[in-house]
There are 2 protein chains.
Amino acid sequence: MSERSSLFAGRVRHTAAPGLPPGGVEGPRRRILEAALTLFARRGFHGTSVRDLADVLEQQPSALYKHFPSKEHVLAALVQHGYAMHHQTLLDGLLTVGASPVDQLHILVEVNARSHAQWPLLAIVVHEELHALPEALLGPVVALRDASAALLLRILQRGSAEGCFDVVDLPTTAAAIGAMGVRIPLWFHPGLGLDIDTMAHRQALLALRMVGATTSSKASR
Amino acid sequence: MSERSSLFAGRVRHTAAPGLPPGGVEGPRRRILEAALTLFARRGFHGTSVRDLADVLEQQPSALYKHFPSKEHVLAALVQHGYAMHHQTLLDGLLTVGASPVDQLHILVEVNARSHAQWPLLAIVVHEELHALPEALLGPVVALRDASAALLLRILQRGSAEGCFDVVDLPTTAAAIGAMGVRIPLWFHPGLGLDIDTMAHRQALLALRMVGATTSSKASR
DNA sequence: GTCTATACTATGATAGAC
DNA sequence: GTCTATCATAGTATAGAC
């Protein structure tokens, strides 16, 4: 339980390449984003200088400014990429199930967990470096995050209204379910002998337990 | 659900004074720690300069170096203070209950939640800025954190062995329970119309649900 | 124990040649 | 689109007077 594992705090563990999900940008912009992703995840946005980034890329700092107008724009692109991918993942998951809140919560938690486990560097940067974005770059990005949160809240509300959930307290429960996913990059890694799909499935079971809905057509191990 | 609330990410919200729990240091060192706490929580360790800190204190940067040998030592003192207070809180809580794993899990989650809700600035700095500490200052501090994590794990293991818990998966469950507490400073605030004790009690209920132990002598609302 | 003054380095970003 | 060279500022930390 040591080697600096952590249920309560920590930072990123392994430097899984590529780190950045496919899609969106390509070419030199992508190369820069991948390098920045690793550095920001390990040392933080303010802990990473433009020179550090240029060193990893084996380029001069000035070369980066042909692709991004500032260091902050690099972070903004990463966060945007992360939230967009994540939100799309949630929507894709929801499309695979029916109208049952139980099934919807199950799949939402499952794909959320898979997403965080599969792209831990991106999850870290998005969650822990967002505060470094200036207001101007924050707005568009936060809208996507709020949309994802709203999905969870709506499912919990519908499940309560329909009587299939027994939700103790909406904000506390939603926050607990969200927290479970967000923290994945800080403790989960392949070396645990627990594969991503199993872990994701078990998080879904935990979420269903939290809302008092132990039975699910999808929950049968 | 907007105004930048956040189930999935965020930063600190309100600047509740004093922010730093009582005990330990006093005098000028304490004044410095309190100012640093607010700044580190809001802008991060690397996002805060010694000049920023001196400005808040209405002193010259050089004055700080009579009390701390470096900026990193200020962070180390904060993290140490935070982990020590937190661990003591957990132990104090456990002393108030008997040998039942159900009661022990209940009280552990409850006092953990209260601690995070009451000292959100400190929790933020401890959890999100720990990575900025150099190895030399990290060791002693991390030992306390691991001891706290071990308490939770042992309770879960005992409860499983005694048959009062049905734990789906030890690391996943422990991480989920820990995550729930760690994220409190990012969404909970007094303005929600949910007081600390109620929220803490409900987190304890959620934890008991996660381990399949819905009944508890302390859990009766 | 605080001040003024300053050393020295690192930082984000730009200019202009190729 | 990358390079060399450089600017202006901000960074951590120290020296020495009071």
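Each chain gets a letter, A, B and so on, in the order the sequences are listed, and its residues count up from 1.
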Could you state the atom-to-atom distance from [atom1] of [X] to [atom2] of [N] in whole Å?
{"X": "E72(B)", "N": "dT12(D)", "atom1": "CD", "atom2": "P", "result": "10 Å"}
{"X": "L64(A)", "N": "dA15(C)", "atom1": "CG", "atom2": "P", "result": "17 Å"}
{"X": "Q59(B)", "N": "dG1(C)", "atom1": "CD", "atom2": "C1'", "result": "9 Å"}
{"X": "I32(A)", "N": "dT2(D)", "atom1": "CD1", "atom2": "C1'", "result": "11 Å"}
{"X": "Y65(B)", "N": "dC3(C)", "atom1": "OH", "atom2": "P", "result": "15 Å"}
{"X": "R29(B)", "N": "dT2(C)", "atom1": "CZ", "atom2": "P", "result": "13 Å"}
{"X": "H73(A)", "N": "dG12(C)", "atom1": "NE2", "atom2": "C1'", "result": "14 Å"}
{"X": "L53(A)", "N": "dT11(C)", "atom1": "CG", "atom2": "P", "result": "12 Å"}

Practice item. Check whether any side-chain nitrogen or oxygen of Q60(A) sits under 4.0 Å from OP1 or OP2 of dT2(D), and answer yes or no. Key: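 No, outside the criterion.
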Review point. Is any side-chain nitrogen or oxygen of H46(B) closer than 4.0 Å to OP1 or OP2 of dG11(D)?
Key: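 No, no such contact exists.
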Check your understanding: Going by atom types only, do S70(B) and H73(B) share a side-chain donor-acceptor pair under 3.5 Å?
Key ->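 A donor-acceptor contact under 3.5 Å links the two side chains.
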Within the side chain of [X], is there an N or O that forms a donor-acceptor pair under 3.5 Å with the backbone of [Y]?
{"X": "D55(B)", "Y": "D52(B)", "result": "no"}
{"X": "R51(B)", "Y": "P61(B)", "result": "no"}
{"X": "S115(A)", "Y": "V111(A)", "result": "no"}

Check your understanding: Choosing from dA13(D), dG1(D), dT6(D), which nucleotide comes nearest the side chain of R51(A)?
Key ->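 Looking only at heavy atoms from C-beta outward on R51(A), the closest nucleotide is dT6(D).
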**Study point:** Side chain of H67(B) - closest among dA13(D), dC3(D), dG1(C)
**Key:**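 Closest nucleotide among those given: dG1(C).
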Check your understanding: Which of these, D197(A), D195(A), D92(A), sits in a salt bridge (charged side-chain N to carboxylate O under 4.0 Å, His left out) with R114(A)?
Key ->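 Of the listed options, the one satisfying the test is D197(A).
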Check your understanding: Taking atom types as they are modelled, is there a donor-acceptor pair under 3.5 Å from the base of dT4(C) to the side chain of S62(B)?
Key ->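 Looking at the base of dT4(C), it does pair with a donor or acceptor on the side chain of S62(B) (distance under 3.5 Å).
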Point to revise | N/O donor-acceptor pair, side chain S49(B) with base dT12(D), under 3.5 angstrom | key: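 Looking at the base of dT12(D), it does not pair with any donor or acceptor on the side chain of S49(B) (distance under 3.5 Å).
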Practice item. Could you check F45(A) against E58(B) and say which one's nearest nucleotide on DNA chain C is further toward the 5' end? Key: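 Counting from the 5' end, the first nearest nucleotide belongs to E58(B).
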Practice item. For K66(B), report the nucleic acid contact type (base, sugar-phosphate, nothing); a contact means any heavy atom under 4.0 Å. Key: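 Contact class for K66(B): base.
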